[in-house]
Amino acid sequence: MSRYNAKTSEPKWQKAWNEAKSFEVDIDPSKAKYYVLEMFPYPSGRIHMGHVRNYAMGDLVARYKRAQGFNVLHPMGWDAFGMPAENAAMEKKVHPGAWTYQNIDAMRAQLKSIGLAIDWSREFATCDPEYYVHEQKMFLDFWEKGLIYRKESKVNWDPVDMTVLANEQVIDGKGWRSGAEVEQRTLAQWFFKITQYSDDLLSALDDLPRWPEKVRVMQKNWIGRSEGLQFGFKISGGAPAAYGDTIDVFTTRPDTLYGASFCAISPDHPLATELAKTSNELASFIKECHQMGTSEEAIEKAEKKGIDTGLTVAHPFDASWQLPVYVANFVLMDYGTGAIFACPAHDQRDLDFARKYDLPVRPVVIPEGEDPATFDVGDEAYVGDGKLANSDFLNGLGVKEGIRAAIEKIESQNMGHGTVQYRLRDWGVSRQRYWGCPIPVIHCQACGAVPVPEADLPVKLPDDVSFDKPGNPLERHPSWKHVACPSCGKEAVRETDTFDTFIDSSWYFARFCDTKAATPTNRDATDYWLPVDQYIGGVEHAILHLLYARFFTRAMKAADHIGLDEPFEGLFTQGMVTHETYRDTKGNNGTWLSPDQIVKRDGKVVHAETGEEVIVGGIEKMSKSKKNTVDPEDMIEQYGADTARWFVLSDSPPERDFEWTEAGIEGAWKFTQRLWRTLVENLDKVAAPDTAAPAASSDAATALRRDTHKAIDGITRDIDNFHFNKAIARIYDFTNKINGAAQKIGSEPSEAFALREALESLVILVAPMMPHLAEEAWGKLGHDQMVVDTPWPKADPDLLVEDKIIMPIQVGGKRRGEIEVAPDEDAKAVEEAALALETVQKAIGGKPVRKVIVVPGRIVNIVV
RNA sequence: GCGGACGUGGCGGAAUUGGUAUACGCAACAGACUUAAAAUCUGUCCCUCGUAAGAGGUUGAGGGUUCGAGUCCCUCCGUCCGCACCA
């Protein structure tokens with residue numbers, strides 16, 4: 001029995017592709033281009049199964065499109081700046097740069113062993129000064145274009161470690177290392193004006209039909225456009241002189257103004273700051289509000305609390321009606337005006353607050369069928385549509401009309417105006433960290449923030465830094481930050497913050513078009529290659545990364561670095577790779593065990609060494625902390641890259657989570673061998689290469705040819721639609737069909753031809769998934785050229801049409817029989833044939849037939 | 001808390017998008033080959049009743065629309081992702 005040896009074949013073909021430069025591409029205007037990109041990896045040290053799945057999908061697309069004649073760009077690089085390198089520096093005393101580049105070397109070797117169709121000549125890492133110099137240049141360009149500004153903004157501060165924490169480093173409101181209560185602290189930071197593009201980023205989503213609907217919806221909600229009313233409440237005396245006498249509020253529900261119960265301002269509102277100067281109670285409340293993380297989740301989940309300021313404001317439609325003003329922890333300074341009016345009957349947060357502080361709840365929107373006199377909201381705010389009541393001039397209007405009428409009234413009183421608000425905030429890009437791209441700015445006492453002159457770029461990170469203390473090593477470096485002001489020449493200091501790493505990943509796809517260009521982009525290259533035709537990555541990036549990249553592309557266009565707005569024409573978001581979890585029975589919850597520490601024996605799961613029974617936990621995302629990881633390198637060593645690729649593509653739909661199982665990879669390995677045998681053990685029966693189809697065809701030959709062309713047609717459509725698991729099911733099916741047919745096939749010329757056609761088609765169809773095995777088999781089939789240079793087959797439409805189909809017959813919706821008819825058989829004839837069936841007559845049982853529904857080519861349903 | 005998704009046999013999933021539910025694969029079971037095991041090949045395999053022919057039921061739960069619902073609508077339950085300094 002012939003066996004496929006991945007160990008020898010895989011390196012052989014990787015070398016052959018490499019030597020032939022099969023995947024190195026250049027601009028070629030005579031060919032249609034296709035740009036496939038998977039989200040580039042963070043160089044954590046080793047690839048994980050998520051990478052294998054991601055790159056197996058991208059590689060499938062790249063090889064498939066290449067076979068279809070496209071000029072395919074499929075590059076690879078490294079998202080190399082970020083916190084893990086600094087954590088490693090602190091824990092393992094290695095330099096973040098050395099750690100990162102070592103990881104890149106290790107991961108590159110691992111990725112290469114998968115046999116990906118990548119143009120490695122374009123590789124770069126975002127921590128290369130040759131890359132980030134362009135990022136600094138673009139920052140200066142954007143600054144000049146008015147897209148950048150500096151403002152105060154809050155960070156998570158660890159008062160023990162004296163350092164800024166990322167949200168993920170804040171656990172239950174405490175610093176992850178020190179355990180100290182985290183505080184909010186205000187710092188001056190750089191911002192990109194992404195909000196300048198709010199409307200464009202929103203409306204352009206409609207022009208991205210090849211993005212998943214859910215991602216577009218999430219982005220839409222994130223941008224959060226809402227129309228409403230902004231108006232000023234007059235404070236009725238007693239306001240601090242330093243503040244003024246109006247509170248500006250924004251509301252999307254001005255129709256509910258007559259249900260107003262109180263006003264609430266953010267703890268960071270200027271009025272709150274002013275009032276706190278004379279009120280200890282308020283000052284300590286604001287301090288309490290600052291004693292939590294900055295994440296929206298933390299703020300929203302916190303119990304709704306507030307302090308009555310003692311001030312009141314006049315209702316805009318009735319100056320004698322006074323509303324109390326609260327400082328409330330659920331009002332965000334970043335959204336709208338940082339102040340709201342509350343209508344508890346029709347907003348859940350307002351209602352929770354009103355119930356807690358015993359404030360009036362007055363329904364003004366009455367649902368259909370309810371009586372305004374008796375309608376009460378209880379503990380659930382009514383947010384639906386209805387008729388306005390208890391609302392003076394708004395009475396009887398619907399919500400929509402009420403909103404319009406209220407805005408008109410306020411406008412006519414010159415108290416405010418209808419306006420549009422966005423939830424989207426400007427993008428804060430300053431990070432108080434070492435391992436990132438330095439922000440090219442010099443701060444001068446006299447001149448303020450001055451851009452680093454272009455000739456002095458890049459501002460490189462100094463290498464001689466220490467991580468023995470928390471905080472930013474750039475800040476305490478003895479010499480790095482001290483420079484002369486480029487403008488006046490006096491002593492000045494560099495900006496010691498570095499960029500958010502999201503900037504690095506916001507334009508790398510453009511750099512891949514020409515990685516050697518002296519400017520950020522080579523316009524000839526970006527004009528040819530962009531947009532990315534197919535972008536593939538995890539859903540976890542559905543909002544931030546993708547939104548930032550869309551904004552950055554627009555900013556690059558404004559600064560003339562690129563000629564388009566939307567970077568990614570097609571997007572696919574793949575699911576996670578999961579695995580069962582295992583724990584031993586020691587201690588409270590046991591300790592996590594990795595899959596190679598356990599054995600499945602007689603239906604039980606036991607510890608491989610001790611033989612003790614193991615607790616089998618849930619199926620969860622592979623993670624180091626739960627030890628439920630499987631190392632791709634081990635799998636490739638054991639089964640070969642083709643088998644691993646096959647398995648990650650085969651079982652689950654690509655957008656769904658994929659469960660790695662031992663049985664699954666075993667099954668894939670068995671199929672690899674079966675496929676190989678199908679291909680090589682029938683070679684003595686096939687026609688010589690390039691034999692033309694004989695004029696006459698035996699029944700067996702025609703049947704096999706039909707199966708072949710159905711497989712070509714189905715697999716092509718499945719790949720086009722990203723249904724890789726279905727394409728694979730068809731390959732299983734097709735392989736079974738070939739094996740069945742081969743047993744019956746003799747030396748008759750049409751059969752020998754059909755068998756060659758089937759085997760060659762099978763090789764080309766599996767090549768995007770099992771490229772090494774396909775090359776090996778292609779050679780066995782007598783070809784000198786590689787499969788990688790062989791065009792994708794086309795299905796013959798004549799072989800796809802069926803001459804007879806089986807039509808099910810239902811009686812009252814239940815299947816009672818079937819008839820065999822031509823696909824285009826007349827409906828009348830079908831009906832007669834159906835009614836003539838004995839089983840159908842039995843089911844009708846003499847009852848009168850009311851109606852017969854004939855769906856041509858599909859089904860017949862008889863209603864009795 | 002807010003926003004977005006998902007739920008079909010023992011398991012991963014398929015269902016031409018409102019038309020035969022469970023394709024294909026895994027696991028399991030039986031048989032063949034083998035001194036034996038592995039591998040391979042053949043067959044069985046949603047559930048209940050039945051020796052069988054057959055009958056009835058089944059797509060997280062409940063309701064609705066329809067000649068017909070896994071697919072559309074409503075309510076509920078469960079799981080997962082994102083929430084602006086993880087990448």
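Chain naming here is simple, since letters A, B, ... match the order of the sequence lines and numbering starts at 1 in each.
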Could you say whether A/Gln673 or A/Val217 is positioned toward the 5' end of RNA chain B, judged by the nucleotide with the nearest heavy atom to each?
A/Val217
Regarding A/Glu86, tell me which of base, sugar-phosphate or nothing describes its non-hydrogen contacts under 4.0 Å with the strands shown.
nothing
Complementary nucleotide for B/U51 - Watson-Crick or wobble, under 3.5 Å
none
For a quick check of understanding: with a heavy-atom distance under 4.0 Å over all strands, which category does A/Lys214 fall into, base, sugar-phosphate or nothing?
sugar-phosphate
A/Gln574 atom CD is separated from B/C6 atom P, nearest whole Å, by 17 Å
Any side-chain heavy-atom pair from A/Asp350 and A/Ile340 closer than 4.5 angstrom?
yes
Nearest-Å distance for atom pair CZ/P, residues A/Phe671 and B/U40:
13 Å
Answer yes or no: does a side-chain N or O of A/Asn861 lie under 4.0 Å from OP1 or OP2 of B/G68?
no
In whole Å, I'd like the distance from the CG atom of A/Asp707 to the P atom of B/C24.
13 Å
Reckon A/Gly428 touches a base, only the sugar-phosphate, or nothing at all at heavy-atom distances under 4.0 Å?
sugar-phosphate
For the pair A/Trp427 and A/Phe551, name the ring-plane relationship: parallel under 30°, tilted 30 to 60°, perpendicular over 60°.
perpendicular
Counting the atoms with a prime plus P, OP1 and OP2 as sugar-phosphate, which does A/Ile862 contact under 4.0 Å by heavy atoms, base, sugar-phosphate, or nothing?
nothing
Report which part of the nucleic acid A/Pro653 touches: base, sugar-phosphate, or nothing (heavy-atom distance under 4.0 Å, all strands).
sugar-phosphate
Identify whether any heavy atom of A/Arg717 sits under 4.0 Å from a base atom; if not, whether one sits that close to sugar-phosphate; answer base, sugar-phosphate or nothing.
nothing
Checking all strands, does A/Gly664 fall into the base, sugar-phosphate, or nothing category for heavy-atom contacts under 4.0 angstrom?
nothing
I'd like to know if the side chain of A/Glu38 pairs up with that of A/Gln574 as donor and acceptor (distance under 3.5 Å, no hydrogens or angles considered).
no
With heavy atoms under 4.0 Å as the rule, sort A/Asn736 into base, sugar-phosphate or nothing.
sugar-phosphate
CZ of A/Arg425 versus P of B/C83: gap in Å, rounded?
12 Å
Could you check how far CZ of A/Arg656 sits from C1' of B/G7, rounded to whole Å?
8 Å
Between B/C24 atom P and A/Lys737 atom NZ, what is the distance in whole Å?
8 Å
Taking only N and O in the side chain of A/Lys710, is any of them less than 4.0 Å away from OP1 or OP2 of B/U16?
no
If you measure only the distance, is there a donor-acceptor pair under 3.5 Å linking the side chains of A/Thr678 and A/Asn739?
yes
Whole-Å distance separating the NE2 atom of A/His545 from the P atom of B/C83:
14 Å
Identity of whatever pairs with B/G78 - Watson-Crick or G-U, under 3.5 angstrom:
B/C6
Listed nucleotide nearest any side-chain atom of A/Lys851, set B/C2, B/C67, B/A84:
B/C67
In whole Å, what is the span from the NZ atom of A/Lys621 to the P atom of B/A87?
14 Å
Would you classify A/Gln432 as touching base, sugar-phosphate or nothing, given that sugar-phosphate means primed atoms plus P, OP1 and OP2, and contacts are heavy atoms under 4.0 Å?
base
Any donor-acceptor N/O pair, A/Gln743 side chain to A/Gly740 backbone, under 3.5 Å
no
